[in-house]
Number of protein chains: 2
Amino acid sequence: MTNGKKSPMTRIQQKNRQLILDGALGVFAGNGFRGATIDQIAQAAGLSKPNVLYYFRSKDEIHKTLLTRLLDMWLAPLSRFDPDGDPLEEVLTYVRAKLHMSRDYPRESRLFANEILQGAPHLTEVLEEDLKTIVDRAVVVIAAWMDQGRLAQVAPHHLIFSIWSMTQHYADFDVQVRAVLGPGHDPFDEAEQFLDQLYRKMLAV
Amino acid sequence: MTNGKKSPMTRIQQKNRQLILDGALGVFAGNGFRGATIDQIAQAAGLSKPNVLYYFRSKDEIHKTLLTRLLDMWLAPLSRFDPDGDPLEEVLTYVRAKLHMSRDYPRESRLFANEILQGAPHLTEVLEEDLKTIVDRAVVVIAAWMDQGRLAQVAPHHLIFSIWSMTQHYADFDVQVRAVLGPGHDPFDEAEQFLDQLYRKMLAV
DNA sequence: CGTGACCCTGACCAATTGGTCAATAATTTC
DNA sequence: GAAATTATTGACCAATTGGTCAGGGTCACG
């Protein structure tokens, strides 16, 4: 249980670590790191508290593991820009992918939001290295499209920020969105149309 | 000290309650409700813990007071749409106002974000009544502009969501924005240009 | 079927935390 | 300037929380 990967983990380890991470995801997402208790995590996972601490050395380790796993999934779509594809469609595909992630993985989105909100104490390096690198690469591709006159000229970094903020908004601020819309709305469905419209207009040459 | 407003508060009460609220704002914004401790608040305010609890009955009361005050300021700009003004300029003014609030009151933005992220336990009614009412009023004005052909047709609710999410993003995700941009950037300055461009293109008829 | 490795838990601990209170100090008021 | 009111605090408490540990149960495997 000390090592993260070596000697391929027993069936039980595999199952219980997964239960814990899954339970912890909800608890951390809903209460923040300091607000989450190991007891809550244990209960969410259907295990006893000492048993949780048998699989993870500490609350921090659970959190760190969760964050690390999350980051890969979270950033992957940004690497998929194809310089040879149709620029507008490439961007719209990314927008849709991010929106679907908000819809299908709201807990992950909130976990991430919580972490950044608190100043990203466990993420600053990752942010300044990995994330910056990935974004910079995407920015180069987008800037090239703009220079070729295949996309309207806007600040590429802020284009990306706009996509992140608007798509994640529907996961992170879900209660607010639903409260304002009232019943009888499918926020994500409407958002998809709206964002499609928005980016077509903004990026058309 | 029990009543919130009656018998106009001594000079000392006025001063110390303000100190506490100001300290608490930073602590709650940076740690979430459960993550904040009265000790931290006391220290931030330069008072002893029992003294803090002399002016506010509990941690909850401090938080509630903060949230109530915040909400007024936060929602005010949305009520300022002038049906007789120039539609595009009205919207752009609102965008600018919200962005400046993010820049000048980031703690307030984060406090609010924290609360919504955790499911708005203390705000659900306010959200479903006050907020919804204010938004609905703004939506009527915007929809009228669109019907008159003075603004492009887009879903008004989601137009408002887009403004909220993009402007608040620069306060709430500040560390991420700065990490990605690297040094030598003024996020808010660039954002103002970007958003101006974005909404002009999207809303032009 | 035995033995060693793995799995699980009740009981416990020290630190933190929200909150109380009696006693004391500072201010206001007359 | 003394009484009444308001402000402040050290000491304290009960509950919660992250984490430990000894001991007992269970499983894989020869």
Side-chain angles (χ1 to χ4, degrees), chain A residues 1-28 30-67 114 118 121-122, chain B residues 1-28 30-67 114 118 121-122:
Chain A
M1 56 307 205
T2 287
N3 53 7
K5 354 232 91 162
K6 205 165 59 180
S7 65
M9 277 209 265
T10 69
R11 166 181 61 87
I12 298 182
Q13 274 165 23
Q14 202 119 24
K15 186 193 67 173
N16 282 351
R17 282 180 66 98
Q18 194 47 52
L19 280 176
I20 293 168
L21 289 175
D22 202 58
L25 177 56
V27 176
F28 281 132
N31 300 91
F33 178 75
R34 293 214 45 193
T37 73
I38 302 186
D39 269 308
Q40 287 175 301
I41 295 172
Q43 194 170 1
L47 301 173
S48 69
K49 182 169 76 159
N51 205 12
V52 168
L53 288 165
Y54 172 73
Y55 289 103
F56 291 89
R57 258 203 283 263
S58 66
K59 188 174 143 182
D60 278 271
E61 198 183 297
I62 303 177
H63 191 246
K64 211 181 82 186
T65 305
L66 227 33
L67 231 38
N114 257 306
Q118 324 273 307
H122 307 14
Chain B
M1 58 306 209
T2 287
N3 55 6
K5 355 232 87 162
K6 205 165 59 182
S7 64
M9 276 210 265
T10 69
R11 165 182 63 88
I12 298 182
Q13 275 165 22
Q14 202 120 22
K15 185 193 70 174
N16 282 350
R17 282 180 66 99
Q18 195 46 52
L19 281 176
I20 292 168
L21 289 175
D22 201 60
L25 178 56
V27 176
F28 281 132
N31 301 90
F33 179 75
R34 294 213 46 193
T37 73
I38 303 186
D39 269 309
Q40 288 175 300
I41 295 172
Q43 196 171 0
L47 302 173
S48 69
K49 183 169 75 159
N51 206 10
V52 167
L53 288 164
Y54 173 72
Y55 289 103
F56 291 89
R57 258 203 282 264
S58 65
K59 188 174 143 182
D60 278 271
E61 199 184 295
I62 303 177
H63 191 246
K64 211 181 83 188
T65 304
L66 227 34
L67 231 37
N114 257 307
Q118 326 272 306
H122 307 14

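Within every chain, numbering begins at 1; the chains are lettered A, B, ... in the order of the sequence lines, protein sequences first and strands thereafter.
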Whole-Å distance separating the [atom1] atom of [X] from the [atom2] atom of [N]:
X: B:Y54; N: D:dT9; atom1: OH; atom2: P; answer: 12 Å
X: B:N16; N: D:dA7; atom1: CG; atom2: P; answer: 8 Å
X: B:R17; N: D:dA7; atom1: CZ; atom2: P; answer: 11 Å
X: B:N51; N: D:dT6; atom1: CG; atom2: C1'; answer: 11 Å

How do B:K49 and B:R11 order along DNA chain D: which one's closest nucleotide is nearer the 5' end?
B:R11
Specify the residue among A:I12 and B:R34 whose closest nucleotide of DNA chain D lies further upstream toward the 5′ end.
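Closest to the 5' end, via its nearest nucleotide, is B:R34.
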Counting any heavy atom closer than 4.0 Å, what does A:A42 reach on the DNA or RNA strands: base, sugar-phosphate only, or nothing?
nothing
Looking for any heavy atom pair under 4.0 Å, which part of the strands does B:L53 touch: base, sugar-phosphate only, or nothing?
base
Assuming nearest nucleotide by heavy-atom distance, tell me which of B:P50 and A:L47 is located more 5' along DNA chain C.
A:L47
Of B:D60 and A:V52, the one whose closest nucleotide on DNA chain C sits nearer the 5' end is A:V52
Check whether any side-chain heavy atom of [X] sits under 4.5 Å from a side-chain heavy atom of [Y], and report yes or no.
X: B:I62; Y: B:F28; value: yes
X: B:Q43; Y: B:D39; value: no
X: B:H63; Y: B:I41; value: no

Is the number of heavy atoms from other residues, nucleotides or ligands under 6.0 Å of A:Q40 CD greater than 12?
yes
Under the side-chain contact (heavy atoms from CB on, under 4.5 Å) test, residues paired with A:A44 that sit two or more places apart
A:V27
For a 4.0 angstrom threshold against heavy atoms of chain B, report the outermost contacting nucleotides of DNA chain C in 5' to 3' order.
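Terminal contacting nucleotides, 5' to 3': C:dT17 to C:dT28.
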B:R17 side chain vs B:Y55 backbone, donor-acceptor pair below 3.5 Å:
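Yes, because the side chain of B:R17 sits within donor-acceptor range (under 3.5 Å) of the backbone of B:Y55.
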